[in-house]
Number of protein chains: 2
Amino acid sequence: MSDESTANKEARPRDRLRMADLAVLAGVSAITVSRALRDSSLVRPDVRERIKQLAETHGYKFSSAARNLRLMRTHSIAVVIDIDPSDERPMGDPVILAALGGMMQEITKARYRIVLTTSEQIRSAAHPDADGIILLGQGAHEDAVLQLARFDVPIVVWGSAEGHVGPGVVVGSDNEAGGVLIGRRFAETGRRGILYLGDESHPEVAARVRGVRQGLPPGAKLTVVPCTFSASAGREALASRLGGERTFDAVAACSDLVAIGALDALKAGGFAVPGDVAVIGFDDSPIAATAAIPLTTVRQDWNAAGRLLARKMLTWLGGEEPTPEVIPVSLVARLSA
Amino acid sequence: MSDESTANKEARPRDRLRMADLAVLAGVSAITVSRALRDSSLVRPDVRERIKQLAETHGYKFSSAARNLRLMRTHSIAVVIDIDPSDERPMGDPVILAALGGMMQEITKARYRIVLTTSEQIRSAAHPDADGIILLGQGAHEDAVLQLARFDVPIVVWGSAEGHVGPGVVVGSDNEAGGVLIGRRFAETGRRGILYLGDESHPEVAARVRGVRQGLPPGAKLTVVPCTFSASAGREALASRLGGERTFDAVAACSDLVAIGALDALKAGGFAVPGDVAVIGFDDSPIAATAAIPLTTVRQDWNAAGRLLARKMLTWLGGEEPTPEVIPVSLVARLSA
DNA sequence: GACTAGTGCGCCCTTATCGTA
DNA sequence: CTACGATAAGGGCGCACTAGT
């Protein structure tokens with residue numbers, strides 16, 4: 001009965017309103033609708049308002065897919081974190097969540113979106129599907145950045161600015177200053193033999209160790225014991241040093257989790273904290289305050305860090321290459337040192 | 001001299017290879033390239049392979065923006081979490097990170113992407129810009145779901161299945177069973193006066209309270225003290241009950257953080273744990289194990305929860321409406337009860 | 001001629017539908 | 001039935017241009 005193809009062409013039953021449809025309703029062209037909805041000054045304010053009203057009343061839905069295709073941008077920023085359940089670290093790093101929170105504040109304010117990814121996933125992808133990449137986490141070594149450089153998008157990295165030569169802009173805590181705070185604290189409390197629990201091949205840890213050394217008085221002795229970022233690693237690293245005669249009276253750890261492990265080992269060995277041995281952590285994660293012996297630690301403001309990382313990225317996406325930046329840290333004195 | 005528009009048409013200098021270009025190189029049509037790259041059986045295996053090779057050697061980059069527009073899908077799933085730095089709760093909830101990790105495993109495996117959002121942002125958006133929404137967090141009340149229902153996309157919610165009538169599929173811990181575990185533990189250790197710290201208007205908390213009551217012996221007395229999900233709330237709620245004569249010998253909290261606050265208040269009041277008062281938390285977050293008095297608590301497997309939430313959503317996106325599901329919980333006995 | 005307010009056209013790239021050999 | 005192709009969306013926006021001051 002009805003000529004369907006013609007009917008479709010004449011008045012195709014579209015389930016979705018486009019700008020073109022709105023344009024007909026408003027008696028203007030589609031591009032004017034486009035501009036009106038973006039508050040372009042090329043459209044008279046009254047026309048703009050009328051079009052917006054129309055869009056509202058007709059339940060118009062903007063298609064970001066179409067915009068993304070046209071502009072060849074995704075309006076999203078990839079955030080790379082490694083949440084590996086088999087690894088002990090991430091669960092104990094609520095700080096990452098704080099950083100995510102900070103990033104969300106800034107990124108959503110700029111009308112961008114955060115796409116969560118793992119380094120493994122993004123590395124194996126042909127395409128980042130994002131306008132920029134923010135790299136987070138302790139594992140963010142140089143090689144990770146290099147791998148990602150093949151995507152032609154801005155990269156902002158959390159890490160240690162020193163010694164960074166590759167692509168990408170680095171934002172990080174002032175690790176060396178944090179180390180100095182630790183060294184001074186030990187100096188003030190008369191400690192002479194210090195054990196540092198952490199992996200010096202990690203640039204951030206290396207900077208902290210340097211700082212500790214600076215903060216310590218001339219006569220003090222500093223020994224670095226290699227150790228990853230988990231509580232069990234801290235426990236084992238310290239336990240290995242508790243046999244025989246104790247040659248240290250202070251322990252600094254590369255994270256609060258490691259410090260908690262050290263606390264365990266000391267307790268098991270029958271040592272008093274801070275009486276026999278003082279302990280200082282790093283991060284001021286929530287577990288620091290609630291530990292059996294409330295942990296003295298170096299506070300990194302992860303929320304601020306997240307915000308800053310995001311702002312750097314947004315600056316870059318705005319066309320201006322940002323500068324690296326260092327975030328100050330502070331000592332939180334509790335009972336352990 | 002040169003007719004620019006014609007020149008553009010004849011041999012426009014394109015910086016990006018399209019399927020159409022690949023088609024010319026392979027001597028086939030664009031649609032065949034499309035099918036070949038998607039492993040369609042409509043293309044002969046040898047042709048398929050040849051086209052894939054070609055794509056590889058010429059550095060072809062697939063445009064997901066174009067696919068998204070054509071298919072009217074985003075291939076991404078919005079995950080709504082509230083990380084509000086002004087709020088005390090989220091920082092103490094590293095469990096959320098574990099859930100995110102679980103979701104990432106499943107979602108990236110399915111070649112979807114996770115878009116992080118806050119409830120505020122998505123509520124004010126005209127459009128979710130995602131094929132589905134996963135709602136996470138303690139604040140996921142019914143009204144939040146209703147607000148999101150106006151988007152015409154699948155919603156999967158973390159929460160309490162009981163009493164849920166609105167749209168969306170609910171996945172949650174077996175809160176009532178968790179409560180029973182708590183009640184039994186108190187029963188076994190001879191506790192008679194129980195204080196429950198939590199907000200019963202919250203469906204999950206209500207279910208736990210019911211469970212506790214079931215697990216308790218007939219003579220025991222249970223009192224619910226309203227309290228939000230933060231450590232300070234726990235501290236204050238308990239402190240308010242410590243004046244005058246103590247009428248309880250056990251405390252159950254709606255989260256480990258709240259339990260930590262209660263522990264603080266008890267310590268300040270000079271009570272021994274678990275001697276005078278036993279304390280049980282909920283979640284088994286990292287702070288439970290490292291607390292001053294290692295916390296007995298009910299473990300929820302957040303990684304598994306995240307994976308399940310994601311799978312439910314993927315099932316739905318695959319065209320089949322999933323069923324609600326309840327995740328088992330277990331008691332982790334430490335020192336506090 | 002310079003400015004304002006607005007338009008027509010084509011392109012971004014992929015894929016469902018229908019058609020053909 | 002198998003393997004492939006031509007066509008037409010999908011929706012927004014840059015570009016080059018014009019009508020009217």
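Lettering of chains follows the sequences in order, A, B, ..., and the numbering in each one begins at 1. Hydrogens, waters and symmetry mates are skipped; everything else that's a heavy atom, side chains included, is used.
Protein atom CZ of A:R44 is 10 Å distant from nucleotide atom P of C:dT7, rounded to whole Å. Whole-Å rounding puts the A:R67 CZ to D:dC13 C1' distance at 11 Å. Atoms CZ (A:R70) and P (D:dC13) sit 9 Å apart, rounded to a whole Å. We find that CG of A:D21 is positioned 13 Å from C1' of D:dG12, with the value rounded to whole Å. For A:L69 and D:dG14, the CG to P distance is 13 Å, given to the nearest whole Å. At whole-Å resolution of the value, CZ in B:R73 and P in C:dT14 are 17 Å apart. B:R48 has its CZ atom 11 Å from the C1' atom of D:dA3, to the nearest Å. Rounded to whole angstrom, the span from the CE atom of B:M72 across to the C1' atom of D:dA9 amounts to 10 Å.
Here B:R18 does not reach the OP1 or OP2 of C:dT14: none of its side-chain N or O atoms lies under 4.0 Å away.
Residues B:K52 and B:D39 are paired through a salt bridge, judged by an N-O separation under 4.0 Å between the basic side chain and the carboxylate. Using a cutoff of 4.0 Å between basic side-chain nitrogens and carboxylate oxygens, A:E106 and A:K109 are scored as salt-bridged.
The shortest side-chain heavy-atom distance between B:L148 and B:L135 falls under the 4.5 Å cut-off. In this structure, A:R113 and B:R113 have side chains that are in contact, with non-hydrogen atoms separated by less than 4.5 Å. Put simply, the side chain of A:V326 does not reach to within 4.5 Å of the side chain of A:V171, judged on heavy atoms. Side-chain contact between A:L69 and B:S63: present, with at least one pair of heavy atoms (C-beta onward) separated by less than 4.5 Å. At least one side-chain heavy atom of B:P154 sits less than 4.5 Å from a side-chain heavy atom of B:L317.
Residue B:L100 is tested with B:L116, B:I107, B:I134 for a side-chain contact (heavy atoms from CB on, under 4.5 Å); the sole match is B:L116. The side-chain contact (heavy atoms from CB on, under 4.5 Å) test with A:I133 singles out one residue from A:V79, A:I77, A:V80, and that residue is A:V80.
Under the rule for a side chain to side chain donor-acceptor pair (under 3.5 Å), the partners of B:S29 that lie at least two apart in sequence or sit in another chain are B:T32.
The ring-ring contact (aromatic ring centres under 6.0 Å, His included) pairs that include a residue from residues 98-122 of chain B are B:H75-B:Y112, where partners are two or more places apart or lie in different chains.
Contacts with DNA chain C (heavy atom under 4.0 Å) in residues 24-43 of chain B: B:I31, B:S34, B:R38, listed by number. Shown for residues 50-64 of chain A: no residue has heavy atoms falling under 4.0 angstrom of DNA chain C.
Note that OH of B:Y60 is 11.5 Å distant from CD1 of B:I51, once rounded to the nearest 0.5 Å.
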- [ ] Could you walk me through whether A:R35 and A:S41 pass side-chain contact (heavy atoms from CB on, under 4.5 Å), step by step?
- [x] CA-CA 8 Å; A:R35 294 206 259 251; A:S41 61; over 6 Å; no
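Axis angle between the ends of the helix from C:dA2-D:dT21 to C:dA21-D:dT2, five pairs each and rounded to 10 degrees, works out to 50°.
Contact record, B:W158 with B:A305: CZ3-CB, 3.3 Å, taken as the closest heavy-atom pair.
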Nucleotide N/O of nucleotides 17-21 of chain D paired with protein N/O under 3.5 Å:
none

